[in-house]
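Computed over heavy atoms, backbone and side chain alike; hydrogens, waters and symmetry mates excluded.
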Amino acid sequence: MGRENQTWKSEFILLGLSSRWDTQVSLFVLFPVMYLVTVLGSSLLLLLLIRLDSRLHMPMYFFLSVLSCVDICYTNSTVPQLLVHFLSARKSIPFHSCVLQLLISLALGSSEFFLLGAMAYDRSVAVCRPLHYTVIMHGGLCLGLAAGCLGAGFMNSLMQTIIIFQLPWCRNVINHFACEMLAVLRLTCVDISFNKVTVAISGFLVIMLPCFLVLFSYVRIAAAFLHIRSAQGRCKAFETCASHLTVVSMCFGTAIFTYLRPTAGSSAEQEKMVALFYAVVTPMLNPLIYSLRNKEVMNALRRLLGKLSAKR
């Protein structure tokens with residue numbers, strides 16, 4: 001095989017989630033419902049509430065709106081293609097589309113971890129220094145943190161994508177439903193020890209550093225929590241952190257399980273399930289968790305519904 005044939009493929013073939021036709025049809029019925037709940041019923045509704053209700057114009061909800069945008073874009077980078085492939089006999093993706101999909105999905109996934117770290121810092125300031133909260137978390141800082149999170153995510157993704165797609169390919173069949181980093185690396189013809197090192201370093205920077213920031217922030221919150229004397233104050237402090245802590249545990253737990261465990265324990269099927277969790281389940285649950293466990297968001301929803309019913 002010549003070098004040109006080894007290093008260039010006009011398209012990749014995706015094996016998808018299942019080879020059984022009845023399973024694919026069942027998933028095709030289920031996934032559009034979850035997709036619509038994510039895009040229309042959860043994230044867009046939450047963004048609308050934050051935009052329309054002035055009581056939600058706070059740093060916490062600014063970061064939440066950015067997180068919702070990231071979730072929507074992440075879902076749209078993989079799920080529409082997945083739905084089409086459920087009913088396709090040949091699940092192909094052009095080479096350049098594969099590169100773009102890996103670049104975007106990895107960038108958005110990385111940005112989400114940094115955003116969760118920034119949100120943890122925001123919660124620690126709110127609980128530990130409530131009187132100075134609006135002064136510390138001013139608009140410029142919030143915009144800077146959000147831009148930094150997105151920029152760091154895209155820089156990490158760009159570096160990994162360039163390194164991966166410079167490798168020679170022996171195969172073009174990807175055992176995945178999307179162009180995912182670890183699945184694409186399995187197609188190469190050469191030793192990928194260097195790539196494993198870059199993935200480990202990237203995983204530490206993107207996952208563990210925000211995780212340490214989250215842990216440090218919640219240690220501060222726990223210390224401040226012990227100094228709150230009134231039961232009402234403790235309840236309010238707990239409510240302001242419970243939703244974020246739930247999302248953090250869900251996201252960081254699965255990411256550490258996938259990208260920071262020994263390679264010998266790696267399984268393509270497990271990686272597909274984790275990727276599916278991030279592409280479909282997490283974007284659907286994040287807004288629901290923040291909405292249902294947050295009195296301010298629920299009150300904003302009631303006010304909006306009240307205004308709509310009054311106009312009728």
Side-chain angles (χ1 to χ4, degrees), residues 9 11-46 67-109 112 171-187 246-247 249-259 261 265-292:
K9 296 288 183 182
E11 64 177 12
F12 291 103
I13 305 299
L14 300 168
L15 295 183
L17 290 174
S18 173
S19 59
R20 292 173 55 91
W21 175 251
D22 55 342
T23 302
Q24 293 188 68
V25 173
S26 300
L27 292 174
F28 180 79
V29 174
L30 173 64
F31 276 51
V33 176
M34 300 175 70
Y35 178 66
L36 290 176
V37 169
T38 300
V39 176
L40 299 178
S42 299
S43 296
L44 289 181
L45 177 60
L46 189 58
L67 181 66
S68 295
C69 289
V70 168
D71 282 339
I72 291 174
C73 294
Y74 187 88
T75 299
N76 285 326
S77 71
T78 54
V79 174
Q81 172 196 275
L82 178 62
L83 295 177
V84 172
H85 282 177
F86 278 143
L87 302 181
S88 302
R90 191 171 187 272
K91 303 174 177 59
S92 63
I93 179 172
F95 178 87
H96 290 97
S97 297
C98 185
V99 175
L100 185 62
Q101 185 179 70
L102 177 60
L103 175 68
I104 293 175
S105 61
L106 184 58
L108 295 171
E112 180 159 348
R171 302 174 298 279
N172 70 333
V173 178
I174 303 176
N175 186 13
H176 211 279
F177 61 86
C179 290
E180 194 268 343
M181 180 170 58
L182 297 179
V184 172
L185 276 174
R186 293 193 179 98
L187 307 181
T246 303
V247 173
S249 303
M250 186 170 59
C251 291
F252 280 99
T254 51
I256 291 172
F257 173 80
T258 305
Y259 292 103
R261 61 179 176 161
S266 181
S267 164
E269 296 304 317
Q270 289 176 338
E271 287 168 13
K272 278 196 266 189
M273 292 302 102
V274 172
L276 189 66
F277 177 81
Y278 275 111
V280 180
V281 180
T282 299
M284 182 181 68
L285 291 181
N286 282 357
L288 291 175
I289 292 171
Y290 278 107
S291 301
L292 297 177

Taking all heavy atoms of P283 and all of Y278, pick out the closest pair and write down the distance. CD-O, 3.0 Å

In the structure I gave you, are the side-chain heavy atoms of Y35 and L30 within less than 4.5 Å of one another anywhere? no

N175 side, atom CG; E180 side, atom CD - distance, nearest 0.5 Å: 11.0 Å

Run the numbers on W21 and L87 for side-chain contact (heavy atoms from CB on, under 4.5 Å), then give the verdict. CA-CA 8 Å; W21 175 251; L87 302 181; 4.1 Å; yes

Pairwise distance NE2(H176) to CE(M181) - rounded to 0.5 angstrom: 10.5 Å

Roughly how far apart are F277 CZ and M284 CE, rounded to 0.5 Å? 9.5 Å

Exercise: identify the closest heavy-atom pair between S92 and I13: CB-CD1, 3.8 Å

Identify the heavy atoms of Q24 and F86 that sit nearest to each other, and give their distance. OE1-O, 3.1 Å

For G16, is there any backbone N or O sitting under 3.5 Å from a side-chain donor or acceptor partner on K272? yes

Among T78, L17, T282, find the one that has a side-chain contact (heavy atoms from CB on, under 4.5 Å) with L276. L17

Enter the distance from N76:CG to Q81:CD here, rounded to the nearest 0.5 Å. 12.5 Å

Taken to the nearest 0.5 Å, the spacing of M34 CE from L83 CG works out to 11.0 Å

Pair C179, I174 - check side-chain contact (heavy atoms from CB on, under 4.5 Å), show working. CA-CA 7 Å; C179 290; I174 303 176; 4.0 Å; yes

Between Q101 and S77 (side chain of the first, backbone of the second, donor and acceptor by atom type, cut-off under 3.5 Å), is there such a pair? yes

Roughly how far apart are F95 CZ and L100 CG, rounded to 0.5 Å? 12.0 Å

Correct closest heavy-atom pair for V173 and L187 would be O-CD2, 3.0 Å

Closer than 3.5 angstrom, by distance alone: can the side chain of T75 be matched with the main-chain N or O of A279 as a donor-acceptor pair? yes

Is there a side-chain contact (heavy atoms from CB on, under 4.5 Å) between N172 and F12 once you walk through the steps? CA-CA 5 Å; N172 70 333; F12 291 103; 3.9 Å; yes

Side chains of C73 and I104: closer than 4.5 Å at any heavy-atom pair? no

Check whether any side-chain heavy atom of E112 lies under 4.5 Å from a side-chain heavy atom of L67, and answer yes or no. yes

